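One structure below.
Quantities reported herein were computed from a predicted structural model and do not represent experimental measurements. The basis for the numbers below is simple: all heavy atoms, side chains too, and nothing from hydrogens, waters or symmetry mates.
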Amino acid sequence: MKYKKKIIILVVSLVTLLAAQLAINTIPNQLPNTSRAIIFIASVIGAIIFVNFEHVKHLPRNAFVIILFLGIGISIIKPIQFGLDEETHLTWAIRLADGQLFARETMVQPDWNTVERYDSLRKPNAVHTKNGFSREFLNEKHEPSTYSGKITGVNNIGEIPNALGWAVGRLVSSRIFVSYYLGRIFNVLAYALMAFLALKLGKKISRSDLPFCCISYKFVDYRRFPV
């Protein structure tokens, strides 16, 4: 019975995914983009395999698994900088990854400039927004940032997870795309952990709490990119 339930949920999820992608034609790189379809199908299957529906005590773990798998899938398939405030989040993340807790009068971030060349929202007619994953972006390399002048403010510490992912990416690779996608994935991991702890430490939880923990993440992300 347990496996039958998972198969039903899997079929419903994949049909919903297909319908959503076919219905949304304002976002680049939807179906029939094969690579993105494979990534998201794999993330849905992974989430369903590791979710346990048998008892309410598994709710914290289920929330963590669902957010982690689906969030990582979305992090990878979401077009570069496809969001109204992505450019601001990126510059804060790079500052923090560079060890800059405070904002300075003068700032030069070559990596930020590189990523912005592949902005899928502000440059909708660019070739890379039509062809899916950009080979050119995958080959871009890190360049050091410079900061100088008086302190003008405090950088957004809410971007610490993103900054950690960016910094780890720089440690393991010279390619910008590694830092870029790890920054997104670290954001997902941070939210998954917060949802897990909220449900784990909460005195009263029920199955109805699970959709709200997961949907809140989806809602925040879908305001920018409704996959």
Using side-chain heavy atoms (C-beta onward) and a distance below 4.5 Å, is F177 in contact with N139?
no
How about F64 and L189: do any of their side-chain heavy atoms sit closer than 4.5 Å?
yes
With a 4.5 Å heavy-atom cut-off, do L90 and E116 have their side chains touching?
yes
T88 side, atom OG1; W112 side, atom CH2 - distance, nearest 0.5 Å
8.5 Å
Do the non-hydrogen side-chain atoms of R61 and K200 ever get within less than 4.5 Å of each other?
no
Under the rule for side chain to side chain donor-acceptor pair (under 3.5 Å), what residues qualify as partners of T91, not counting sequence neighbours?
Q109
Using atom types as modelled and distance alone, determine if a side-chain donor or acceptor of D111 lies under 3.5 Å from a backbone N or O of I176.
no
Pairwise distance NZ(K78) to CZ(R184) - rounded to 0.5 angstrom
5.5 Å
Which heavy-atom pair separates S75 from V188 by the least distance, and what is that distance?
OG-CG2, 3.4 Å
Excluding sequence neighbours, so at least two apart, what forms side chain to side chain donor-acceptor pair (under 3.5 Å) with T114?
none
For a quick test of your reading: what N or O donor-acceptor pairs under 3.5 Å do the side chains of residues 158-169 make, sequence neighbours left out?
residue	atom	partner	partner atom	Å
E159	OE1	N162	ND2	3.3
E159	OE2	H89	ND1	2.4

Please round to the nearest 0.5 Å and tell me the distance separating atom CE of M194 and atom CG of L199.
12.5 Å
Count I, L, V, M, F, W, Y as connected when their side-chain heavy atoms are under 4.5 Å apart, and connections chain through other members. Are F50 and I45 then in the same cluster?
yes
Kindly check if the number of other-residue, nucleotide or ligand heavy atoms within 6.0 Å of CD1 (I157) is above 12?
no
List in chain and number order the residues that pass side chain to side chain donor-acceptor pair (under 3.5 Å) with E87, two or more places apart in sequence or in another chain; answer none if no residue qualifies.
R122
Measuring from atom CD1 of I76 to atom OG of S43, what distance do you get when rounded to the nearest 0.5 angstrom?
8.5 Å
Nearest 0.5 Å, what's the CG-CH2 distance between N156 and W92?
4.5 Å
For the pair R117 and E136, find out whether any cationic side-chain nitrogen is under 4.0 Å from an anionic carboxylate oxygen.
no
Testing the 3.5 Å rule here: is there a donor-acceptor pair between the side chains of Q81 and Y180?
yes
Just by distance, do the side chain of R104 and the backbone of S148 share a donor-acceptor pair under 3.5 Å?
no
Under a plain distance cut-off of 3.5 Å, with no hydrogens placed, do Y147 and E105 share a side-chain donor-acceptor pair?
no
Please determine whether residues I74 and I48 belong to a single hydrophobic cluster, defined as Ile, Leu, Val, Met, Phe, Trp and Tyr linked transitively by side-chain heavy-atom distances below 4.5 Å.
yes
Does N52 offer a backbone N or O that forms a donor-acceptor pair with the side chain of N62 under 3.5 Å?
yes
Should V115 and I80 count as side-chain neighbours, where that means a heavy-atom distance under 4.5 Å?
yes
Same cluster (ILVMFWY, side-chain, under 4.5 Å), I41 and L70
yes
Nearest heavy-atom neighbours spanning V172 and V178
CG2-CG1, 4.0 Å
Salt bridge (Lys or Arg N to Asp or Glu O under 4.0 Å) against R170, all qualifying residues, sequence neighbours excluded:
D98
According to side-chain contact (heavy atoms from CB on, under 4.5 Å), who are the partners of S174, at least two apart in sequence or on a separate chain?
K141
Quick one, S145 and V108 - any side-chain contact, counting heavy atoms below 4.5 Å?
no
Distance (rounded to the nearest 0.5 Å) between L182 CG and N187 CG:
11.0 Å
